[in-house]
Protein chains: 2
Amino acid sequence: MLSLRLTSFTHLLSPPSSAAIARRSPLILRRRHHIRQRPLAASFSAQSATAETQDRVNNSKNRVPERVITPRSQDFNAWYLDVIANAELADYGPVRGTMVIRPYGYAIWEAIQEYLNVKFKETGHSNMYFPQFIPYSFIEKEASHVEGFSPELAVVTIGGGKELEEKLVVRPTSETIVNHMFTQWIHSYRDLPLMINQWANVTRWEMRTKPFVRTLEFLWQEGHTAHATPEEAENEAIQMIDIYTRFAYEQAAIPVITGRKSKVETFAGACKTYTIEAMMGDKKALQAGTSHNLGQNFARAFGTQFTDENGVREHVWQTSWAISTRFVGGIIMTHGDDAGLMLPPKLAPIQVVIVPIWKKDDEKAAVLNAALTVKDVLQKSGIKVKLDDSDQRTPGWKFNFWEMKGVPLRIEIGPRDVASGSVVISRRDIPGKQGKVFGISMEPSNLEAYVKDKLDEIQSSLLERAIAFRDSNIVDVTTYNDLKAAISQGKWARGPWSASDEDELKVKEETGATIRCFPFEQPQGNKTCLMTGNPAEEVAIFAKSY
Amino acid sequence: MLSLRLTSFTHLLSPPSSAAIARRSPLILRRRHHIRQRPLAASFSAQSATAETQDRVNNSKNRVPERVITPRSQDFNAWYLDVIANAELADYGPVRGTMVIRPYGYAIWEAIQEYLNVKFKETGHSNMYFPQFIPYSFIEKEASHVEGFSPELAVVTIGGGKELEEKLVVRPTSETIVNHMFTQWIHSYRDLPLMINQWANVTRWEMRTKPFVRTLEFLWQEGHTAHATPEEAENEAIQMIDIYTRFAYEQAAIPVITGRKSKVETFAGACKTYTIEAMMGDKKALQAGTSHNLGQNFARAFGTQFTDENGVREHVWQTSWAISTRFVGGIIMTHGDDAGLMLPPKLAPIQVVIVPIWKKDDEKAAVLNAALTVKDVLQKSGIKVKLDDSDQRTPGWKFNFWEMKGVPLRIEIGPRDVASGSVVISRRDIPGKQGKVFGISMEPSNLEAYVKDKLDEIQSSLLERAIAFRDSNIVDVTTYNDLKAAISQGKWARGPWSASDEDELKVKEETGATIRCFPFEQPQGNKTCLMTGNPAEEVAIFAKSY
């Protein structure tokens, strides 16, 4: 049965065909992953809003041949959808472009929430909740906001069986309703700063959808703050993009590049947008979080004023900032490999899986007993551990399954290990024998220290690997031709830029790449715009993106 | 300034008029509670869905005279709305019947979530997330479900600027979409039980709304489970109503009565509904949580089947269960008094407030220093503590303010206390001198033990008080005349019942009371139906309700 596990790594060397994988897949694995039987790669965007169509899609599962995960190098998009299906992270909702977040995927989101929620509170923000229905007229109050969002709105026109007098927008973001309320709560400088956050669902009627990355409805947190001075608002916007950056590096092991959006790419209604940009495994950029300095734009539109210390009425200065379930997609696409998901230990719902191994019935009790003891030891020290003691699956099946689910560490315990009071530990991030260590003592303090140490090592290793990948795929360019060459190789291009919005749009049209950001980290020295040859103050990063 | 605080307790003896209270209210208190300036008692149901109307309501704040909290005995509903506004628990959203949950109110909801979320996971449920848009056709699949919910639906008809082919319902509850997905995930008995929960917003187009108690959009958790046998489903439904019951008693100090709903009051689509019914301060009943045994109703409507151990296809047996932000309303209306909110320590966002007292500037440093030390001691031992060190408010103002916010314990520290190394501690639930103890040593272990002890005492005392109130307002009745008399006195009536649905509706028409539940705790002995004189197996509880 162990051979099963090893075969999964042959993908790394020469990707086998889907049919070959299907032949090797144990029957029980195929049954377990029934949801994979739908033609996932094709159906997400193609789904119609009618339940009938969806039923037809579902029925097709009886006809489509079974597969396991498409090799990443062969088809990145198919691989992504396969991982989501096989690891049971999400499924399609009945309405086109909607997503059901399944328990394992939701647990990753919960880990993200747990970390950020604490950081938001530490920095003085309170959670609260705004209604999701926004009068249509609100959206129209801020000119660039309505321009940006009106094509994406879901609109409620019927309530309680009656046509509504004013149509209601299902929130695509909450700046308008937040300002409507802030206007009532803010009177004097004593009411400032006002710093809140909400965890909520939002709706944007996207035409091209992809699970986690772009869905019709998604979950996020949106922070909203109001300040007495532009400096305070700017500091807040920077503070929050810094929190996102640290989160990405330290928790998700994603080495994002943090910077400022170009004017073209700035949020509809903001003065400045800061962003964290992550390089996915296919080298496309993912905008993984943003923080906006809104200036007085919404304050002016909604009359949000305060009386300052001199008795003068002024508009407040505001920020908003958000991270969404899209980030889960970023984790999958940064760390995953041909064997499936690979989760950074700090965000993994299961950090360690214990697989007991026995052949004869008389071995079973001792092995399970030892496994339970190990589980208790780790659980008590705060490690998220699962004991897979099912006797309906073979150890080889379990190895494959939990690797596919991205669990960072696996502990194997067999009769010989019990006899010697030790366990075997395998790392998800180092395949095969290289990642496997025999004879780790079961002695609690030793085992606990070893496991924590390894989890830290994996966390660091994932980040280092991602940094190396990122850095080897960013090309410094000085001319537009260089830029085009880099982009056509699928890489990111970094070069001095002081050209016009029109030039920026021309790059997009001609190469498919956009300015992801003007990174905070800038090279020293004089710069010459790669497009115009004029002096440039900053380099920009160009890339194709999700 | 201390006299200010004392006057607030005179309400307990003889409720003063609103005008009298307004006169006594310090200017600074009035300024602080600006949101109270809107005519809250009248506007919630009267709001129109248009922003324009809302703006008119808001503008009226410039004309309406300021008030503090209406005495509870004078007008329970006005008192309720005053508490919500003054304690900054919630505010009205711009759309009729919607509510903004403000940080202090949301923190109570977070405390509820924190407790229940752990309990759900301990009992084997996983969190996940279903889309909120449900194809209209789904709602129509279960006959009694559509009958119950269709009058309350909000419907999206426009998406991305286009009229939709199929209208989408904004979820009023998720049984239909859950079953649509369960049908795809459940294949054999090995996939069962399937036990999930989601924390989400839901929308019901209610015509008569009231903050927390009944709003157009509210937050809740909804659990959904599928089982292989009817016994398992029944056990699950009972287990979850038991968890709700324990939560109500032990965390919220609300002595709910747990029982089964009558057929008339059963959830649209369920076989059985279990409920926890709480008696509010005005003696009206609040349905505070429900757990439904859905039988195979939704499984049949959505074809949710599994293959049992003998290879036979069967429909699954299901449950669903929910508690919502309505529960926050229940806490307010159970424990609050004329001075405002009174929070059970286990759910209080702030359990202890420290008010430093100084007159001369040379006292200030020592007092603040001692206050900070006390804060640290309590915080380290896991107590939720706030130090109100603002020098813009007097101690008297602060006493009033934090009493109104329902903080269970107040610690006062003045120069004499600093000198003697002790503090003064006042209980929110015992007004005046009786609840005030002088000379509690600041010594960390002593102080920590004292405060924890007092918080436990308050928690128990709130529950005991609520039990006494409940029991003195339930009348055992044997005839319909008795029942009518009890209801007309505003009490709950408990009596044997085996009459028809028509008789039940007649009671409602003639008295305004409904069967709240057939309580699990039943008296011994033979029973005779209060309406028909026929034998009855159970007593039912009748009451007017929210």
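Note that these values count all heavy atoms, side chains included, but never hydrogens, waters or copies made by symmetry. In what follows, chains carry the letters A, B, and so on, assigned in the order in which the sequence lines appear, proteins first and then strands, with residues in each chain numbered from 1.
Atom CD of A/Glu114 has 12 or fewer heavy atoms from other residues, nucleotides or ligands within 6.0 Å.
Of residues 125-132 of chain A, those residues with a non-hydrogen atom less than 4.5 Å from any non-hydrogen atom of chain B are, in numerical order, A/Ser126, A/Asn127, A/Met128, A/Tyr129, A/Phe130, A/Pro131, A/Gln132. By a heavy-atom distance cut of under 4.5 Å, B/Pro151, B/Leu153, B/Ala154, B/Val155, B/Val156 are the residues of residues 146-156 of chain B near chain A, going up by number.
No donor-acceptor pair closer than 3.5 Å links the side chain of B/Thr325 to the backbone N or O of B/Phe218. Side-chain atoms of A/Asn117 do not come within 3.5 Å of backbone N or O of A/Gln113 as any donor-acceptor pair.
The closest side-chain donor-acceptor pair between B/Thr307 and B/Ser188, if any, does not fall under 3.5 angstrom.
Looking at A/Thr203, only its side chain comes within 4.5 Å of chain B, counting heavy atoms on both sides. For A/Lys162, no part lies under 4.5 angstrom from a heavy atom of chain B.
Ring planes of B/Trp205 and A/Phe133: tilted class, angle from 30 to 60°. Ring orientation note: the planes of B/Trp185 and B/Phe182 are tilted relative to one another, at an angle of 30° to 60°.
Separating the CD atom in A/Glu88 from the CD1 atom in A/Ile101 is a distance of 15.0 Å, to the nearest 0.5 Å.
In terms of the side-chain hydrogen bond (donor to acceptor under 3.5 Å, both in side chains) criterion, B/Glu206 has no residue partners (sequence neighbours excluded). For the side-chain hydrogen bond (donor to acceptor under 3.5 Å, both in side chains) test, residues two or more places apart in sequence or in another chain that qualify with B/Thr157 are A/Thr157.
Among A/Glu110, A/Arg204, A/Lys167, the residue with the largest count of heavy-atom pairs under 4.5 Å with chain B is A/Glu110.
Considering all non-hydrogen atoms of both residues, B/Pro211 and B/Tyr92 come closest at CG-CE2, 3.8 Å.
Residues A/Arg96 and A/Thr209 have side chains in contact (heavy-atom distance under 4.5 Å, counting atoms from C-beta outward).
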